[in-house]
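A quick write-up on the structure given underneath.
Counting starts at 1 for both ligands and their atoms, in listed order. All residue numbers in this chain count up from 1 along the given sequence.
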Amino acid sequence: MNDLMVSVSGIRGIYGVSLTAARALTFAANFGIFCKREKIVVGRDSRTTGPALLQAVTSGLMSVGCDVIDLGIVPTPTTLLAVKNLNAAGGLCLTASHNPPEWNALKLIGANGMFLFPEVAEEFISEMRREPVWSDWRHIGYLTSDNTAVQTHIDKILSLPYLDLEAIRKRNFKVVIDSVNGAGGLISPILLKKLGCEVIELNSEPTGIFSHPAEPLNQNLTALEEAVKKSGADIGFATDPDVDRLSIVSEKGNCIGEEYTVVLAELFVLPKQKGDIVVNLSSSMLSDYIAAQFGVQVHRTKVGEINVGKKMLEIQSPIGGEGNGGVICPAVNYARDALTGMALVLGFLAEQKVPLSEIVNSLPHYYTYKDKISSSPDRIEAIMQKASTCFDGLQLDTQDGIKASGDNFWVHIRKSGTEPVIRIYVESDDYDKSKKLCRETIGKLTSDLS
Ligand code: MG
């Protein structure tokens with residue numbers, strides 16, 4: 001776990017242990033060369049290692065001739081959008097998303113304002129050199145900063161053609177926002193105030209010292225639940241440190257579950273812009289329920305924002321994302337964006353006559369159960385081989401591990417990309433059924449394997 005992880009999304013590690021300034025500098029220099037030594041945009045989250053990492057990355061990029069535009073502390077979706085808006089050749093996000101504060105990462109962005117497509121990233125990684133070819137004093141790059149990216153991002157969200165700003169403002173929603181001391185504290189309250197909300201801020205200081213575990217899972221959001229209850233707010237929002245995942249607390253002060261974020265966005269957008277939904281293989285069956293209501297299809301992709309975004313681009317889907325609270329609304333950008341998610345959810349709430357908890361109660365309830373098998377790499381391969389033979393008579397999808405679907409349930413078995421672990425996800429219409437199915441699956445996968 002202490003090794004530097006290199007993947008199609010970039011590099012990730014514990015700062016000063018596996019992810020050192022020197023490694024980051026060389027990696028960034030190689031990326032600059034891959035981007036033809038042209039203009040590169042860099043944005044970071046609030047981690048304490050961010051400024052040092054930024055210096056290293058900037059030095060690497062400039063030293064191979066790239067002009068660098070530093071956006072400062074901004075959400076990941078803001079950086080993605082800025083790469084496109086500023087006509088840059090590429091970009092880097094300095095963020096380890098919801099990982100603990102000692103982690104950091106460099107994530108690779110293409111000129112189209114999306115994360116690098118996996119096949120392009122593979123090409124880059126295979127070309128990477130230990131010692132890049134440096135530029136001389138005549139060809140060294142310039143560094144500038146740009147503090148307009150946040151405003152541009154907000155403006156783009158507020159100009160969504162189907163967002164009725166007046167209707168939202170008229171409701172004067174009381175909103176609690178928990179930014180977990182990430183980049184969100186600098187932008188989410190501004191957006192919410194522009195939407196006429198009365199805003200109560202939790203953990204808005206972008207210190208990078210997260211006041212609770214940074215992943216916006218129900219168990220990490222008890223302070224937000226309390227604050228919603230205590231203040232009588234209409235809704236609570238929680239974002240992860242780089243603001244691409246959004247979780248929601250209802251007016252009752254209860255987390256509604258991350259899976260409902262994309263679902264509420266679908267319910268808002270589809271009546272205004274009909275088209276097929278794209279979500280990943282592990283996202284809830286709720287999207288199938290919504291799609292059936294609107295007479296559209298659900299396309300499922302491998303887990304990972306870029307896979308979903310790429311498919312959305314290909315089929316011109318109006319709305320989709322990942323069930324972990326990652327809303328992708330192409331009218332803003334083909335990227336997961338918690339800020340856009342907030343605007344869409346408030347837009348939907350403004351149209352409804354009932355509070356959020358009633359909307360959620362009117363939707364079907366599905367229950368996920370997750371577990372994992374930790375094992376040696378060899379045994380993991382053997383288990384994955386076996387997985388395809390475990391589901392007689394069920395519909396199988398092999399895009400990303402094995403997903404077996406039946407009537408009102410599915411089981412998804414996939415290898416972790418970051419540790420020697422197989423993850424098993426189950427969703428069904430009954431909690432006990434999901435748990436039982438998960439246990440049975442693990443039993444089948446591990447029987448007669450030593
Ligand atoms: Mg994130």
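- Within 6.0 Å of the NZ atom in Lys252, the count of heavy atoms belonging to other residues, nucleotides or ligands does not exceed 12.
- Side-chain atoms of Asp276 come within 3.5 Å of backbone N or O of Gln297 as a donor-acceptor pair.
- With sequence neighbours left out, Asp397 forms a side-chain contact (heavy atoms from CB on, under 4.5 Å) with Leu281, Gln399, Lys403.
- Under 3.5 Å, the side chains of Asn104 and Arg44 contain no donor-acceptor pair of N or O atoms.
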Begin from the C-alpha positions of Phe124 and Phe27 and carry the test ring-ring contact (aromatic ring centres under 6.0 Å, His included) through to its verdict.
-> CA-CA 10 Å; Phe124 162 58; Phe27 186 82; 5.5 Å; yes

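- Using cut-offs of 30° and 60° for the angle between ring planes, the Tyr431 and Tyr369 rings count as perpendicular.
- Inside a sphere of radius 2.8 Å centred on the Mg ion (ligand 1), the protein N/O/S atoms present are Ser97 OG, Asp240 OD2, Asp242 OD1, Asp244 OD1.
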